[in-house]
There are 2 protein chains.
Amino acid sequence: MAENTSLDEIDIRILRELSRDGRISAADLAQRVGLSATPVIRRLRRLEDSGVVSGYTALIDETALGYSMSVFVSVKLDRQVDGAMRRFEAAILTLPEVVDCWLMTGNRDYLLRIAVTGLKEFEALMIERLVKIESVASIESSIPIRRVKSGIARSP
Amino acid sequence: MAENTSLDEIDIRILRELSRDGRISAADLAQRVGLSATPVIRRLRRLEDSGVVSGYTALIDETALGYSMSVFVSVKLDRQVDGAMRRFEAAILTLPEVVDCWLMTGNRDYLLRIAVTGLKEFEALMIERLVKIESVASIESSIPIRRVKSGIARSP
DNA sequence: CATAATTTAGCATGATCCACTACATGATAT
DNA sequence: ATATCATGTAGTGGATCATGCTAAATTATG
């Protein structure tokens, strides 16, 4: 996808504006980056085609959906063979509660962020799903109090 | 902001489509949720006004911007008084490298995700910025290998 | 149970805005 | 000097959103 990754300052400014407002029109975008609309939209299409911009999304308040609780879960597998990891990851991808998942160095753990409606749902997820995934050895969970900074990605 | 949080199934479907494509037009959105455009756009405006939809953003590939490395940083303060926390959080908000930050339970730590171009930038951030923040007692960092699942929020 | 009130959907209209194309200009590199 | 690339302008066709009005459905009330 991402090939011609030679971004100049105008591209960066385009990306910055797009992360501020993903629905901005090409005309407004052009005004903000100090170019006319034509080259701006051409640049944007190229950024999209090259995968630098992989999509657009609405920022939705998880709390309003009822998912007022997040939990960070650290998972350790009992064996670190590829097959077990692949199966674990495949299982994770099917769980809508798991918002984010990283394969970590060190103890070869996974770090997950889970969004649930409350402790009850979290308990159910733990007992009925997570611990039942093959080769999951141990699970450690930490509950955050508050989100101090919520970024999608490092801003351009 | 979020007041009248009575979301019916159509609202949920609207949110689901908007998280899949934040630039979808009202007409297309209407077709997908099985309504005509007028009520759909009225619902969407209400979701925006109530804060359920707080904005729109482009999904930008951090790697393409050069931020190919993430680091999870766990910070412990030497004292948990409000003033120290406020100052720490204020400092965090000014650091563009810090993408995400949570105040955690337990050891009253902060968990941060940091996006940097590489170890060199991370070292500089650590030494020149993070440890110099008042009342930071200890810092522990873990480096992820790969992002298995990258969600913005739990999908509606 | 019936009727009124409120809410919500649907349709049509109009004005605006948008993206795309073609062509000309200017800069840069070969 | 030629080729290449990026920008700007202009024009056009299409699409988009907001609005006003009506019908229908849902809810509240007597």
Side-chain angles (χ1 to χ4, degrees), chain A residues 1-66 152-153 155-156, chain B residues 1-66 152-153 155-156:
Chain A
M1 300 218 177
E3 313 261 345
N4 207 4
T5 315
S6 58
L7 305 177
D8 62 10
E9 292 174 19
I10 294 180
D11 290 323
I12 300 292
R13 251 181 294 171
I14 289 174
L15 294 174
R16 192 180 302 133
E17 293 301 328
L18 278 174
S19 61
R20 286 205 326 114
D21 176 10
R23 294 195 80 150
I24 190 173
S25 70
D28 292 350
L29 195 54
Q31 195 179 0
R32 284 174 198 271
V33 307
L35 237 60
S36 76
T38 308
V40 163
I41 208 166
R42 275 202 282 251
R43 281 167 178 266
L44 177 54
R45 294 288 169 260
R46 207 163 66 181
L47 291 171
E48 291 170 349
D49 292 343
S50 67
V52 176
V53 174
S54 63
Y56 302 89
T57 190
L59 300 173
I60 297 169
D61 183 10
E62 274 183 339
T63 312
L65 294 172
I152 308 295
S155 103
Chain B
M1 300 218 177
E3 312 261 346
N4 208 2
T5 314
S6 58
L7 305 178
D8 62 10
E9 293 173 18
I10 293 180
D11 290 323
I12 301 293
R13 251 181 294 172
I14 289 174
L15 295 174
R16 192 180 303 134
E17 294 300 327
L18 278 174
S19 60
R20 288 207 323 116
D21 176 10
R23 293 195 83 149
I24 190 172
S25 71
D28 291 350
L29 195 53
Q31 196 179 358
R32 284 175 198 270
V33 307
L35 236 59
S36 75
T38 309
V40 163
I41 208 164
R42 275 201 280 251
R43 281 167 178 266
L44 177 53
R45 294 289 169 258
R46 206 164 66 185
L47 291 171
E48 290 170 350
D49 292 344
S50 67
V52 177
V53 173
S54 63
Y56 302 88
T57 191
L59 301 173
I60 296 170
D61 182 11
E62 274 183 339
T63 312
L65 294 171
I152 307 298
S155 101

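The structure displayed is predicted, hence computed values, not measured ones. Residue numbering restarts at 1 for every chain, and letters A, B, ... go by the order of the sequence lines.
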Discussion item. What is the separation between atom CG on D11(B) and atom P on dA9(C), rounded to the nearest whole Å?
Written reply: 9 Å
Discussion item. Is there a side-chain contact between L47(A) and I60(B) in this structure, where contact means two heavy atoms from C-beta onward sitting under 4.5 Å apart?
Written reply: no
Worksheet entry | Closest contact, heavy atoms only, G51(A) versus D61(B) | O-CB, 3.8 Å
Response to the item:
Note: I41(A) and A26(A) closest approach over all heavy atoms is CD1-CB, 3.7 Å
Worksheet item: OP1, OP2 of dA9(C) versus side-chain N and O of R43(B): anything below 4.0 Å?
Response: yes
Worksheet, complete the sentence: L29(B) atom CG is separated from dG10(C) atom P, nearest whole Å, by 13 Å
Worksheet item: So do R32(A) and I24(A) actually touch side chain to side chain, heavy atoms under 4.5 Å?
Response: yes
Response to the item:
To the nearest angstrom, the CG-P distance between L35(A) and dG26(C) comes to 17 Å
Item to complete: Could you tell me the separation between the CG atom of D49(B) and the P atom of dA18(D), rounded to a whole number of Å?
Response: 11 Å
Item to complete: Measure from CD1 on I10(A) to P on dA27(C) and round the result to the nearest Å.
Response: 15 Å
Worksheet item: Rounded to whole angstroms, how far apart are CG on D8(A) and P on dT28(C)?
Response: 14 Å
Practice prompt. Calculate the interatomic distance between L44(B) atom CG and dT8(C) atom P; express it in whole Å.
Written response: 15 Å
Worksheet item: In Å, rounded to the nearest 0.5 Å, how long is the span from CZ of R13(A) to CG of D8(A)?
Response: 8.5 Å
Worksheet item: Looking at V40(A) and A30(A), what are the two nearest heavy atoms and their distance?
Response: CG2-CA, 3.6 Å
Discussion item. Counting primed atoms plus P, OP1 and OP2 as sugar-phosphate and everything else as base, spell out the protein contacts along nucleotides 13-23 of chain C at 4.0 Å heavy-atom distance: B, S or - for each nucleotide, 5' to 3'.
Written reply: -----SSSB--
